[in-house]
Amino acid sequence: LRKLIRNLQQEEGQLLNDIDSTRHTINVLSDQISFLKRHYANYITAAYKYGQTYDLELLLSSKSLNQALVRSEYLKRFSHQRKQDLDDMNVAREERAEQNDLLQRQLAEQQDLITEKAREEKNLNEKTRKRKLVLTEIRRDKKNVQKEIARKILESHGGSIEVETR
C-alpha cells in the first residue's frame, strides 16, 4: 500500500506539472488573441474611417501605371494579412478552447487521484491500526501464557522455585 501511495503521489506531481503547463499555454493563447483583437480592431477602425474609397483613391491618385501596380499589390497584401490575422485569431480561440477542455479533464483526473490517494491512505491507516491491536493482543496473551506456565511450574514443584515473568 505504501508503494501504491508513493506512486499516486508521483502521478499527482506529474499531473500538477501538466496542469501548470496547460494553464501557461492558455495564458499564451489568450495573450495572442488579445494582440490579434487589438490589431484587427485598429484595421476595422481604419476601414470604417476611410472605407473602400480610400483604396480606390490610392490607386487612382497614382502618378504612373507602375505606381498603381505597386499600390495594388500593397493593398492585396494588406488585405491578405488582415484575413490571415482573422484566421489566426480563430485558430487561437479554438486551440484555447481545446486547452481549456484539457485543463478541465486534468483537474477532474487530479480530483480522482486525490480521492483514490485518500482512500488508500485510509486503508493503510486502518490496517496499521488493526495490526497494532493484534500485536497488543498477542503481547497480552504471551504474558498470560507465561504467567500460566510459571504458575503450573510452581504448582508442580511445590512452590520452591521462583519464576521471573517479563
Between the side chains of [Y] and [X], is the shortest nitrogen-to-carboxylate-oxygen separation below 4.0 Å, so that they form an ion pair?
{"X": "E120", "Y": "K117", "answer": "no"}
{"X": "K83", "Y": "D87", "answer": "yes"}
{"X": "E148", "Y": "R151", "answer": "yes"}

Side chain to side chain contact (heavy atoms under 4.5 Å, CB included), that's the test. Do N100 and Q104 meet it? Break it down for me. CA-CA 6 Å; N100 276 326; Q104 293 308 312; 5.6 Å; no
Measure the [atom1]-[atom2] distance between [X] and [Y] for me, rounded to the nearest 0.5 Å.
{"X": "R23", "Y": "Q106", "atom1": "CZ", "atom2": "CD", "value": "9.0 Å"}
{"X": "E95", "Y": "D88", "atom1": "CD", "atom2": "CG", "value": "11.0 Å"}
{"X": "L103", "Y": "I26", "atom1": "CG", "atom2": "CD1", "value": "4.5 Å"}
{"X": "K142", "Y": "L135", "atom1": "NZ", "atom2": "CG", "value": "10.5 Å"}
{"X": "N27", "Y": "T22", "atom1": "CG", "atom2": "OG1", "value": "11.0 Å"}
{"X": "D85", "Y": "N90", "atom1": "CG", "atom2": "CG", "value": "11.0 Å"}

Is it possible for you to say whether [X] and [Y] belong to one hydrophobic cluster, with membership spreading through side-chain heavy-atom contacts below 4.5 Å?
{"X": "V145", "Y": "I153", "answer": "yes"}
{"X": "L29", "Y": "L86", "answer": "no"}
{"X": "L102", "Y": "L107", "answer": "no"}
{"X": "I114", "Y": "L124", "answer": "no"}

Review point. Quick one: side chain to side chain contact (heavy atoms under 4.5 Å, CB included) partners of E109, sequence neighbours excluded?
Key: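 Per chain and number, E109 pairs via side chain to side chain contact (heavy atoms under 4.5 Å, CB included) with E11, L15.
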Practice prompt. Would you check if the side chain of S79 reaches a backbone N or O of L75 as a donor-acceptor pair within less than 3.5 Å?
Written response: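 A pair under 3.5 Å: no.
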Checklist entry - Is there a donor-acceptor pair closer than 3.5 Å between any side-chain N or O of S34 and the backbone N or O of S30? => result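 Answer holds: yes.
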Inset, instruction - Compare every heavy atom of A92 with every heavy atom of I33, then report the nearest pair and how far apart it is. - result: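 Here I33 and A92 meet closest at CG1-CB, 3.5 Å.
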For this session: Of all the heavy-atom pairs spanning S62 and A68, show the shortest one and how long it is.
Result: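 Looks like OG-CA, 3.3 Å.
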| field | Worked verdict on R71 versus Q67 for side chain to side chain contact (heavy atoms under 4.5 Å, CB included) | value | CA-CA 6 Å; R71 287 180 178 181; Q67 189 179 33; 3.2 Å; yes
task: Give a yes-or-no answer on whether the side chains of T25 and R96 include a donor-acceptor pair shorter than 3.5 Å.
output: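 Result is no, nothing qualifies.
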Given R129 and N125, is the side chain to side chain contact (heavy atoms under 4.5 Å, CB included) satisfied, shown in steps?
CA-CA 6 Å; R129 186 187 67 77; N125 289 337; over 6 Å; no
Do R77 and Q81 come within less than 4.5 Å of each other through their side chains, counting heavy atoms only?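 Of all side-chain heavy-atom pairs linking Q81 with R77, none is under 4.5 Å.
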Give the intermediate values and the outcome of side chain to side chain contact (heavy atoms under 4.5 Å, CB included) for residues V134 and E137. CA-CA 5 Å; V134 168; E137 285 181 32; 5.6 Å; no
(request) Could you pull out all residues at least two apart from Y74 that satisfy ring-ring contact (aromatic ring centres under 6.0 Å, His included)? (result)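 Per chain and number, Y74 pairs via ring-ring contact (aromatic ring centres under 6.0 Å, His included) with no residue.
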*asked:* My understanding is that only one of E116, E121, R119 makes a side chain to side chain contact (heavy atoms under 4.5 Å, CB included) with L8; could you say which?
replied: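 The side chain to side chain contact (heavy atoms under 4.5 Å, CB included) with L8 is passed solely by E116 among E116, E121, R119.
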